[in-house]
2 protein chains.
Amino acid sequence: MLPVKKTKQKIIMQAALELFAEQGFHDAPMSQLAEQAQVGVGSVYRYFKDKNELIEKLYFEVDEALQMAIIKNVDQTLSTRQQFLQLITNLIHFLRDHPHEFKFLEQYYHSPFGIDKKREKLLLENGANQKNPFMQLFFSDKTKAVKTLPGPVLHALAFGPVLFLLRDAMAGLVELDDALIEHMAKGCWDAIRISTAGPAQ
Amino acid sequence: MLPVKKTKQKIIMQAALELFAEQGFHDAPMSQLAEQAQVGVGSVYRYFKDKNELIEKLYFEVDEALQMAIIKNVDQTLSTRQQFLQLITNLIHFLRDHPHEFKFLEQYYHSPFGIDKKREKLLLENGANQKNPFMQLFFSDKTKAVKTLPGPVLHALAFGPVLFLLRDAMAGLVELDDALIEHMAKGCWDAIRISTAGPAQ
DNA sequence: TCAAGCGGAATGAACATTCCGTCCAAAATA
DNA sequence: TATTTTGGACGGAATGTTCATTCCGCTTGA
């Protein structure tokens, strides 16, 4: 019985992810969600107290998957630059290949939920105590390859362009091929690295 | 009579800007909007066909103000780098000092309105025909100081970090002082400039 | 006197959430 | 083993609320 329960909950969450991504939280009625999941409206409320709880649980799941994807294949023995490029590339690949997850997260972070969540995260994780793999990398950068800048600025320089370009890609304005992704990753690196002599390493 | 009309319309739009920015389109009922503008609900509909039209007109106005602010004090005889830094700085200053406008635009671009608007803009303005001052600058860069990359990538590298940092600032996670802004602008420049020899110019 | 401008009650639609009757698998009973 | 009981899982109709929008009578300046 437990596995059945789990399965139905998963089905509902999957349907919710798609619907929320495509129509937005506000334009995705519970009735339509139930229909898409091939389930009665009442059943949705068996697994989730209300719409908010559904959104929160979905966020937890999606965020976890993203975190896993980002740190995949990152070899800590490599240079800061190499690690950075791998992280960025992972991030782009995951989000490009999971448009529903991307759109969901975008919405989540732009809703009242997200603002609080973000503040919460930042207050919890200060300095070296960061869970964010990018921040960890910057903080442990013994080779001094990265500019000495406030955390949020580094964060913005590294992440901002990626999210921006992904939005364009989702809207069908760009084709995100591997060459483009490489350019992006290197551009982000140039933004945060200390530029000494010669072209980027 | 015209000036009176105009004034009342302006009052409504101002109230709408604040309310939309603070509560979001969906959580800003027309009744509350009317209250804030000290106007009857019915009167709002005298000036705007419906809520959507109000949002669209607001967008037009806000976007216009932003465009004006961005190109302020940009001296076309200066180097590409100098012009770029000025543009970025203008952008940050305007949005930092106009949080309502910033939040409104963020929402607009993340709503169904915005997606279409963006596609529309991009399809209309191809290549050298760009209205976007950043794109114009990149396109007319005879000194070859800027990387040769697809438009959307340059756009992302230049804009992405700025918007990202501004979001943090609005959430009260960073204090956006002048030093920080300068770091940001230079970081963005590093991301798109061709790195030859020595530190960034 | 009479429009044009206005305010706000009234209307209707869209939802989130609740409620309740049905179904069914498995435990209890004979 | 055959029959009955039971309780959780379900579906979807019913409910109550929250708006956007409309309608209508009042006010006021010409």
Side-chain angles (χ1 to χ4, degrees), chain A residues 1-60 103-104 107-108 110-114 116, chain B residues 1-60 103-104 107-108 110-114 116:
Chain A
M1 191 159 298
L2 256 213
V4 178
K5 249 180 154 177
K6 198 94 183 193
T7 292
K8 182 153 278 195
Q9 192 179 30
K10 281 272 190 287
I11 289 174
I12 293 173
M13 288 176 82
Q14 183 59 37
L17 179 64
E18 289 167 19
L19 214 58
F20 288 158
E22 280 161 18
Q23 310 189 173
F25 298 156
H26 279 289
D27 294 320
M30 294 301 263
S31 55
Q32 194 182 345
L33 167 56
E35 191 181 4
Q36 170 133 350
Q38 308 215 52
V39 149
V41 189
S43 302
V44 177
Y45 284 85
R46 173 163 305 290
Y47 295 96
F48 307 95
K49 186 168 71 61
D50 53 25
K51 200 174 179 177
N52 284 356
E53 187 178 295
L54 172 54
I55 292 174
E56 290 292 1
K57 286 194 176 167
L58 211 41
Y59 167 72
F60 185 84
K103 287 179 184 166
F104 174 82
Q107 260 188 85
Y108 183 87
H110 283 81
S111 70
F113 303 106
D116 296 342
Chain B
M1 188 161 297
L2 254 215
V4 177
K5 248 182 155 176
K6 196 95 184 190
T7 292
K8 182 153 280 196
Q9 191 178 32
K10 280 270 190 287
I11 290 174
I12 294 172
M13 287 177 82
Q14 183 60 36
L17 178 64
E18 289 167 20
L19 214 59
F20 288 158
E22 280 160 19
Q23 311 189 172
F25 298 155
H26 280 289
D27 294 320
M30 295 299 266
S31 55
Q32 194 181 345
L33 166 57
E35 191 181 4
Q36 170 132 351
Q38 308 215 53
V39 150
V41 190
S43 302
V44 177
Y45 284 85
R46 174 161 304 290
Y47 296 96
F48 306 95
K49 186 167 72 62
D50 53 26
K51 201 174 180 179
N52 284 356
E53 187 179 296
L54 172 53
I55 292 173
E56 290 292 2
K57 286 194 176 167
L58 210 41
Y59 168 73
F60 185 85
K103 287 178 184 168
F104 174 82
Q107 260 187 84
Y108 183 87
H110 283 82
S111 70
F113 304 106
D116 294 343

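Fair warning: this is a prediction, and the values are worked out from it, not measured in the lab. Residue numbers begin at 1 in each chain, while the letters A, B, ... track the order of the sequences.
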Euclidean distance, atom CZ of residue B:F48 to atom P of D:dA20 [Å, nearest integer]: 15 Å
Between P of D:dC19 and CD of B:E35, the distance in whole Å: 13 Å
Spacing between B:R46 atom CZ and C:dA4 atom P, to the nearest angstrom: 10 Å
Atom-to-atom span, CD of B:Q23 to C1' of D:dT18 - whole angstrom: 14 Å
Euclidean distance, atom OH of residue A:Y47 to atom P of D:dG8 [Å, nearest integer]: 13 Å
Per-nucleotide protein contact string for nucleotides 12-17 of chain C (B base, S sugar-phosphate only, - none; heavy atom under 4.0 Å): ---SSB
Approximate separation, where rounding is to 0.5 Å, of A:K49 NZ and A:L54 CG: 12.0 Å
d(CG, B:L33; C1', D:dT18) in whole Å: 16 Å
Chi angles and distances behind the side-chain contact (heavy atoms from CB on, under 4.5 Å) call for A:F48, A:I55: CA-CA 9 Å; A:F48 307 95; A:I55 292 174; over 6 Å; no
Distance-only donor-acceptor check, side chains A:E56 and A:Y108, under 3.5 Å: yes
Protein-nucleotide distance (A:I12, atom CD1; D:dC10, atom C1'), rounded to Å: 11 Å
A:S43 vs D:dG11: side-chain N/O to OP1/OP2 distance below 4.0 Å: yes
B:Q32-B:Q36 side chain donor-acceptor pair, cut-off 3.5 Å: no
Separation of A:L33 CG from A:L17 CG (nearest 0.5 Å): 11.0 Å
Aromatic ring pairing B:F25/B:F104, orientation class (parallel under 30°, perpendicular over 60°, tilted between): perpendicular
Nucleotide C:dG5, atom C1' - distance to CD of B:Q9 in whole Å: 14 Å
